[in-house]
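Right, one structure below, let's go through it.
What you see is a predicted model; the values in this text were computed from it and never measured. So you know, we letter chains A, B, ... as the sequences are listed, proteins then strands, and number each from 1.
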2 protein chains.
Amino acid sequence: MTAMTTRDHIVAAANQLFYRQGYEHTSFADIAGAVQISRGNFYYHFRTKDEILDAVIGARMAETQAMLDGWEAESESPADRIRSFIKILIANRTDIKRFGCPVGTLTTELAKLNHPSQAGATELFSLFRTWLSTQFRALGCEKDADRFAMHVLARSQGVATLASAFGDEKFIRREVGEMCDWLATTTAAAASIEQEKD
Amino acid sequence: MTAMTTRDHIVAAANQLFYRQGYEHTSFADIAGAVQISRGNFYYHFRTKDEILDAVIGARMAETQAMLDGWEAESESPADRIRSFIKILIANRTDIKRFGCPVGTLTTELAKLNHPSQAGATELFSLFRTWLSTQFRALGCEKDADRFAMHVLARSQGVATLASAFGDEKFIRREVGEMCDWLATTTAAAASIEQEKD
DNA sequence: CCGAAATTAGGACATACGTCCTATTTCAGA
DNA sequence: TCTGAAATAGGACGTATGTCCTAATTTCGG
């Protein structure tokens, strides 16, 4: 664990504030206040708001990649890995209930702002998408891998949005259970079809 | 069709702008410009931004209720009605690809702003939720009606979010198809279970 | 046709925010 | 210890925005 530079602190604070309050609704002063540095010092590290946003997206990319690598190392079975993904909804349920999904809400906001970093935010989705695809492919769902990946992503997004709207935690748990059921039946079916080919 | 008052024009313009640009990112000047009236005139009709938001939410509630009533009148079968709901994703695909779901994105934004009208936006979801519940109940899914309603809502939300992120229209059509399949198999199963009770 | 009420116009004002600049402090390397 | 670069502080500036006020114009019942 390397020491946290001021820049790192800024990015960490901005990351959290962008998630909780949204990008546009978060001001320089908000972030500087959270890090307890002056606005001048802030400007020394980031000259524009867009630069901070790009740094935050970069940090999230790294975090996400690390998480995916972690699951890759922890579990032997691709199905277990996919379940790890699905269960983030439960692990982060408290934040999700209040602020929704960090990725989904950011891409949505940037789309409305027509912000240049839209593509960067979408890359966060792509990171999950390709990783999930890989897992489904490892399960023998060669042809449907990307379709299944998008399906899982979409359902997770929907759960996060509605859980946030209704503040309903039971709903999260129920849908997570149903997604795991879907995973079991769908991949079992796909695997048996693959076997028929032999 | 009654004549459109200035107030109606304002609400209509605000409704569209809030959807496309987001609530916070839309200014008084934006709306006044769209309706081509002066800011002073604007202020005569709405004294604060929150008032416009409430009016917009009210208008959306009325629109939504009218749409649901329309489906109720058009279709005899509850399954057809639910399919009408699912297929809004296709009917509105162009807007959804660019701006996401009007209800989901609004509730998400208001949640981050911690805005007083959060509850009002959630009511829009509730309108769909209770209506869907009613349809599922009419299909014989007494016990699971609300669960199914939330499930359909969540999947629609997820599809809208991802379709917007990736600008993918084929994905919308595919997921709509799968949701219709789900509807057919799930309600058939539920109905047969109900029959066993007799 | 008149006068009061409703409506519209356009500017005033305070605040907040992103951006920029300069002065001061910290600190590593010579 | 000296020096120059990195880092920090705090204020300046222009613009945008929400809100408010007053004057002009339109509408419409009597």
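The two residues Leu127(B) and Met61(B) come nearest to each other via the heavy atoms CD2-O, 3.6 Å.
No continuous path of ILVMFWY side-chain contacts below 4.5 Å connects Ile37(B) to Tyr44(B), so the two sit in separate hydrophobic clusters.
Between Asn41(A) and the phosphate of dA9(D), there is a side-chain N or O to OP1/OP2 separation shorter than 4.0 Å. Between His45(A) and the phosphate of dT8(D), there is a side-chain N or O to OP1/OP2 separation shorter than 4.0 Å. OP1 and OP2 of dA16(C) both lie 4.0 Å or more from every side-chain N or O belonging to Ser27(A).
Where the helix from dC1(C)-dG30(D) to dA30(C)-dT1(D) starts and where it ends, the local axes point in directions that differ by 0°; five pairs per end, rounded to 10°.
Following rounding to the nearest Å, Phe46(A) (CZ) and dA7(D) (P) show an atom-to-atom distance of 12 Å. The interatomic distance linking Arg47(A) (CZ) with dC17(C) (P) rounds to 22 Å, in whole Å. Per the geometry, CZ belonging to Arg7(B) stands 13 Å off P belonging to dT8(C), to the nearest Å. Atoms NZ (Lys49(B)) and P (dA16(D)) sit 15 Å apart, rounded to a whole Å. One atom, CZ of Phe28(A), and another, P of dC13(D), lie 19 Å apart when rounded to the nearest Å. The distance between atom CD1 of Ile52(B) and atom P of dT19(D), rounded to the nearest whole Å, is 8 Å.
The side-chain tip of Arg129(A) points at the ring of Phe166(B) from less than 6.0 angstrom away and within 45° of straight on. Note that Lys49(B) lies in the cation-pi zone of Tyr23(B), set by a 6.0 Å cut-off to the ring centre and a 45° limit from the axis.
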Intermediate values then yes/no, side chain to side chain donor-acceptor pair (under 3.5 Å), Thr5(A) and Asp8(A):
CA-CA 5 Å; Thr5(A) 67; Asp8(A) 294 334; 3.1 Å; yes
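Between Arg83(A) and Asp80(A), at least one side-chain nitrogen of the basic residue sits less than 4.0 Å from a carboxylate oxygen of the acidic one, meeting the salt-bridge criterion. Between Arg98(A) and Asp95(A) there is no salt bridge, since no side-chain nitrogen of the basic residue lies less than 4.0 Å from a carboxylate oxygen of the acidic one. For the pair Arg174(A) and Glu178(A), the salt-bridge criterion is not met [side-chain N within less than 4.0 Å of a carboxylate O].
The aromatic rings of Trp182(B) and Phe136(B) lie perpendicular to each other, with more than 60° between the two planes, well past the 30° mark.
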Atom pairs under 3.5 Å: protein N/O with N/O of nucleotides 11-13 of chain C:
residue, atom, partner, partner atom, Å
dA12(C), N6, Arg39(B), NH2, 3.2

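Of the candidate nucleotides dA9(D), dA9(C), dT19(D), dA9(C) has the atom lying nearest to any side-chain atom of Ser38(B). For Tyr44(B), the side-chain atoms get nearest to dT8(C) when compared with the rest of dT8(D), dC20(D), dT8(C).
Both His25(A) and Tyr43(A) lie close to DNA chain C; mapped to their nearest nucleotides by heavy-atom distance, the more 5′-ward contact belongs to His25(A).
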